[in-house]
Amino acid sequence: DPVRVAVAANFLSPVEVIASAFEAAGGEPVEIVSGATGQHYAQIINGAPFDVFLAADQARPARLLEQGLAIEGSVFTYALGRLVLWAGDGHQLPDNGFAGLVDHPVTRLAIANPRLAPYGRAARDALQATGQWQALQPRLVEGLSVGRALHYLATGNVSHALVAASYTHARGRPGGAWVAVDPSWHESIRQDAVRLVNGPNPAGARAFMTFLKSAEAQTILQGFGYRAAGEVTEP
Amino acid sequence: MNIPPVEFDLALQRDGFALKAAGVVPTGVTAVFGRSGCGKTTLLRCLAGFEAGCTGQIRHGDVVWQSARVRQPAHRRRVGMVFQDARLFAHLSVRQNLGYAYKRRRGRGPDWHEVVAALGVEGLLDRWPAALSGGEAQRVALARALLTGPALLLLDEPLAALDYGRRREILPLIAGIPERFSIPVVYVTHSRYEVLELADRVMLMERGNIQAAGSVSEVFSNPDHWSLLGNMAPTVIWDAQVVARDNDWGLTILATDAGRLRLGGLDVRPGQSLRLRLTARDVVLVPGQPAVSSLLNTLSVQVDEINDYPRGVVHVRLRAGSGAVLWAEITRQAAAGLRLASGRRLYALIRPQVLRINH
Amino acid sequence: MNIPPVEFDLALQRDGFALKAAGVVPTGVTAVFGRSGCGKTTLLRCLAGFEAGCTGQIRHGDVVWQSARVRQPAHRRRVGMVFQDARLFAHLSVRQNLGYAYKRRRGRGPDWHEVVAALGVEGLLDRWPAALSGGEAQRVALARALLTGPALLLLDEPLAALDYGRRREILPLIAGIPERFSIPVVYVTHSRYEVLELADRVMLMERGNIQAAGSVSEVFSNPDHWSLLGNMAPTVIWDAQVVARDNDWGLTILATDAGRLRLGGLDVRPGQSLRLRLTARDVVLVPGQPAVSSLLNTLSVQVDEINDYPRGVVHVRLRAGSGAVLWAEITRQAAAGLRLASGRRLYALIRPQVLRINH
Amino acid sequence: MSLSAVWISLQLASVTVIVLLVIGTPLAWWLANSRSRWRVPVDALVALPLVLPSTVLGFYMLILLGPAGPIGRFWVAATGETLTFSFTGLVITSVLYSLPFVVQPIRDAFAAVGRGPMEAAASLGARPIDAFFSIACPQSARGFLTAAVLGFAHTLGEFGAVLMVGGSIPGETRVVAIAIYEHVEMLEYGAAHTLSAGLLLFSFVVLVAVYTVNRARHPVLLR
Amino acid sequence: MSLSAVWISLQLASVTVIVLLVIGTPLAWWLANSRSRWRVPVDALVALPLVLPSTVLGFYMLILLGPAGPIGRFWVAATGETLTFSFTGLVITSVLYSLPFVVQPIRDAFAAVGRGPMEAAASLGARPIDAFFSIACPQSARGFLTAAVLGFAHTLGEFGAVLMVGGSIPGETRVVAIAIYEHVEMLEYGAAHTLSAGLLLFSFVVLVAVYTVNRARHPVLLR
Ligand SMILES: Nc1ncnc2c1ncn2[C@@H]1O[C@H](COP(=O)(O)OP(=O)(O)OP(=O)(O)O)[C@@H](O)[C@H]1O
Ligand SMILES: Nc1ncnc2c1ncn2[C@@H]1O[C@H](COP(=O)(O)OP(=O)(O)OP(=O)(O)O)[C@@H](O)[C@H]1O
Ligand code: MOO
Ligand SMILES: [Mg+2]
Ligand SMILES: [Mg+2]
């Protein structure tokens, strides 16, 4: 059996590179399933057979542990993510950065679903913290995951999007310009990984988790704009 | 009233079937007769304008319905059509079906009340088509077609689906249409009885062609057509005129080309005309003027032609009165006893069958 | 060969229609005659086992097909049925249609080759049903029903959709079935001509009931049934036997209850039996033995009953020979001339129509 | 949120059915009567949404209707608004998606009317357009009923295409099918149950009603 | 990934059609011939997936087939595997989802055969089951073809319910409709285009073929 990894949409590009490195280093083949953190969580609850869950938050892996669906002691924070404001091709970024969004010609602003995707939640928090949430409400478009939010931008259906910084490093990223969102406007995006009870390949999962912690993997994810979290296990 | 005839000269080509038909439909009932598949329905559909592939000409008096250049669509021809299956509109009541036609009438047409009364559909007006019997539905369809004020009425075997009793009910209504509403009627059938009882003229069709056309008595009395007509024995049709009634005996005196005939059992008035059928089996030949017999009608005849026939039967063509032709079927033995020979004078005892009475 | 009859006593209740019919179907052709909607098809469907709501009994000899306790499904009754619309299987060739029946035959049935030859379908075996004419399809359907080896053959207006020529082709085939294949045939029709030409026995139906049953001559000669039969004039049916042929004159000599008759135009052998029809209009009454006439058949008759009729016509019931009944329609004037009175002796000149020849 | 989703869905379904009846009726008539060699391909095109994944339809609609797409660009130029993520965009998508459900029953009803009554009407002097409205349409009443009901119910049930084109904007494009999906993904099973059971019941009742009306196989029409 | 998704979809569609032909044929026969008062509700039940949002079906299937659901629990106890997110679970869901597309054409074909040929067969001594196989089925050949094609194509196009019940496990439940959806998420438009165009073309060709075969309205059967 391959190692089946459910990954939060923001981390799809890095995990593809990491998986190749893992396989190159003699690891078993890795199968990747991307989606919003909340979607993965709901599927795991309903019996989805994943070996590893790379979430975009800490809450859902923790809940899986409580429910006995994740393996005790396997949780660790593999990355700290960041949010960027992206202006699509032919659109401008606000002159005074993220906080100026509300006065800027934004036709539509795509975010991930705040209830399913941690990046969506961070986007909402940041908009609220800067007092722009109410005013932008009529122009907001929700994608189920942060990947879908970016997709709306890529197809030209929205002018701006609030997405993961990792996309600025992704292959096939859409054109346009981006600017980082000050992380102080939202809770930090701490992304936890966990091994799952129902996975068909526990040994492979363990090997993959070990590799994820390796310097090689950490270097890869830093290359996508994440901050490495080292081997920080949840207190 | 001067009713213009409909003249046509049409052709239609289908896989394995070609229609090529020319003719005139004057006022009165013109029957179109022929066996299944000979093209009767197709001819009607061409006249009505339902066959896109039909070429040729149709004129109604001076009005051109179809020619090389003109082609009036069906709804512009003043043609009323009654289809074999009535085709009442199922979503409309009888009254609404008739109203549908009445609202769309082209030119002057017969009066609503007159048509409704003539076809006896007053009592049906508030019924739905699904609740009508076959005979009732056909009467409504006929009324509906009449109410559009057609210049030509086409009837496609309107009685084929009906049983004996119901046919007897509707035939006289149809026969009365031309005079009552001043329009020619084309009546398609494959029943020779219906032709004889109903039609003034007949067109015999065979494989897409009109083989013969003319008055019913001409066409049906012509030996060339007997096989097509399915006759079992030689048959002639005579037209007769009511001359007088003999009230003492309840007899009717008729004038025919063969001379005067007396018939019982008729309810007619002087001046009316009748159609009589005389098959060779209805004729008894005797050598001399007979004593009283129940047949009563004795004609002096002259032998014209003798056709010997296998199995002991002889068909004799006879002439009576002012050249009227009749046939007798007799055994060979009787032929010998009568010393039959061309030119011989004999007496014929006859009782023709009354087919039709024109009121 | 001893062929058991089918006996039935059945009832069926529908909205606005109730069937209540009992009877026996012996060997030979039994016609079921009646106007549209009287229940003919329903009776056949009950016998075949297609009407779930049908109660009562059916027995074939000693075998019970239906009773209060037993109810054989259609496929277990040895009934062959030919539906009005042939119902050949469209996805099978003619050969496969026949094979379908042959493979499923119940009990001993007629030989494949015999049936195929009798109905003249050899040439059709490799055709598809869609490519058959109406008459061909009916012949195949008949062959198919025979090949199952039925104990009873039910035919529901098998000729209704066919024209005159095609009917003539199939009628003799049907008439020959009982003798050839040793099974009783029930033949539904609303054509009295078909009954007269085909059937040995007849059941007259009206509104779900069998009004009369018996031999064709009994039922058709009974004045009570004339209106149901749609007769225009009194009509009797006589059975006759071929006694001899007079080869000099090509005449056939027949023995009937009325005495000997001579008829021309027949192709028969001594010993064969014939059915004759004589309507009141075919009878000429004369006071004395006539000189030679083309009719030839002269019967000495006695007046039995005189029914005066409006409009100058009189219907006279006559007896001839050993009690045979015949009717004459004559004018009132002729009646007076003949001094008609009950008991009076006269001569009747007749020429009956030959309806059917049993080979 | 749930109630607004229900309301949006009902609006969307109603508008879609009205649009489809207007454009679907002539199309159905043509399909029922044409002998053109284009009839079969057009018939297949109309049936395509029956068998096509809704994500394929959604994908193409997103591209076509987006501000950069051929239709969307035109729309933006003409109205200043974008078609995607708008109710109008959903209507266009739904019209395509539900097309076969409306066109096919009407087409079959017209075909069942057949040439007979139309010829009879012509023989009574009715022009083709007159006969169409006075005969073909009333005699197809049942087909129209089936079409409207199926089109309505199917639009109500639309998910994949709307998910891709609509963007789940509350009060604008978040229809009930998407609301159910989101409820399930958020593990809000109570709300998902309420909406699903409601839709299930509604659809079932509607279908039973339509089948009961249509059960009578003999040609008694709705009067 | 795309090729495996196509392969999964083809497998799923084939298995679903086979299962549906097996269970749908007797059901269609019953619907075509029954006079039971249950016929209308059952007919409506069969048609339900036509009008029900696939997310409603997906939701209920998730609940029923999930490890805690009545069917799923039983399945886990019996086989040790979960039904959700498995190929078997997808087959069950697809069977329900595509039910009307298979049952309705067969039902209509059986109804078109009518009682006539069946009575004729009985009068020739064929037992009901014999007549069913020797007459009703061959005469309904065209209905079976339509059913198989529609069922296959519709299963191929399934999205919402499959997404909810199957998720997107590569090589197991990631069917082509979902693959398209995910390609879009991964910004792989080229792949999305290829798959969408392929599906579009395939569906269209299949529909044209079916309509061409069915165009001949007169009852000439497939031989
Ligand atoms: N719609 C059609 N397409 C092709 N051929 C047809 C069509 N209708 C009739 N035919 C053929 O045209 C010929 C004439 O048919 P038509 O219906 O005019 O015959 P008919 O004389 O009215 O016969 P019937 O007495 O059986 O009604 C027949 O050979 C028939 O098979
Ligand atoms: N399937 C049916 N359901 C209800 N009533 C029926 C059905 N079939 C026939 N009837 C009615 O039962 C009665 C008898 O019909 P049946 O078909 O036996 O008549 P028939 O004598 O065969 O007539 P025809 O000569 O027209 O064939 C009629 O009143 C008819 O309306
Ligand atoms: O990567 Mo997420 O779970 O879509 O925010
Ligand atoms: Mg005809
Ligand atoms: Mg009948």
Problem - Close approach to chain D in residues 96-105 of chain E, criterion heavy atom under 4.5 Å - result: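 Against chain D, the residues of residues 96-105 of chain E that fall inside the cut-off (heavy atoms, under 4.5 Å) are F101(E), Q104(E).
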Exercise for the section: For E188(D), enumerate each residue passing the side chain to side chain donor-acceptor pair (under 3.5 Å) test, keeping only those at least two apart in sequence or located in another chain. Expected result: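 H183(D).
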Handout entry: Those residues of residues 196-209 of chain D, ordered by number, that approach chain E below 4.5 Å (heavy atom to heavy atom)
Key =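 Listed by number: S196(D), A197(D), L199(D), L200(D), S203(D), F204(D), L207(D), V208(D).
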Exercise for the section: Write out, in numerical order, the residues from residues 52-59 of chain D with a heavy atom short of 4.5 Å from a heavy atom in chain E. Expected result: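 Under the 4.5 Å heavy-atom cut-off, L52(D), P53(D), S54(D), T55(D), V56(D), F59(D) qualify.
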Problem - Most contacts with chain D, counted as non-hydrogen pairs under 4.5 angstrom, among L163(E), L62(E), V175(E) - result: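 Most heavy-atom pairs under 4.5 Å with chain D: L163(E).
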Practice task
Go through L156(E), L150(E), I63(E), L45(E) and name the one with the most non-hydrogen pairs under 4.5 angstrom from chain D.
Solution key: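 Most pairs with chain D among the choices: L45(E).
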Problem - Least distance between heavy atoms, H154(E) atom then L50(D) atom - result: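 Taking every non-hydrogen atom into account, CD2-O, 2.8 Å.
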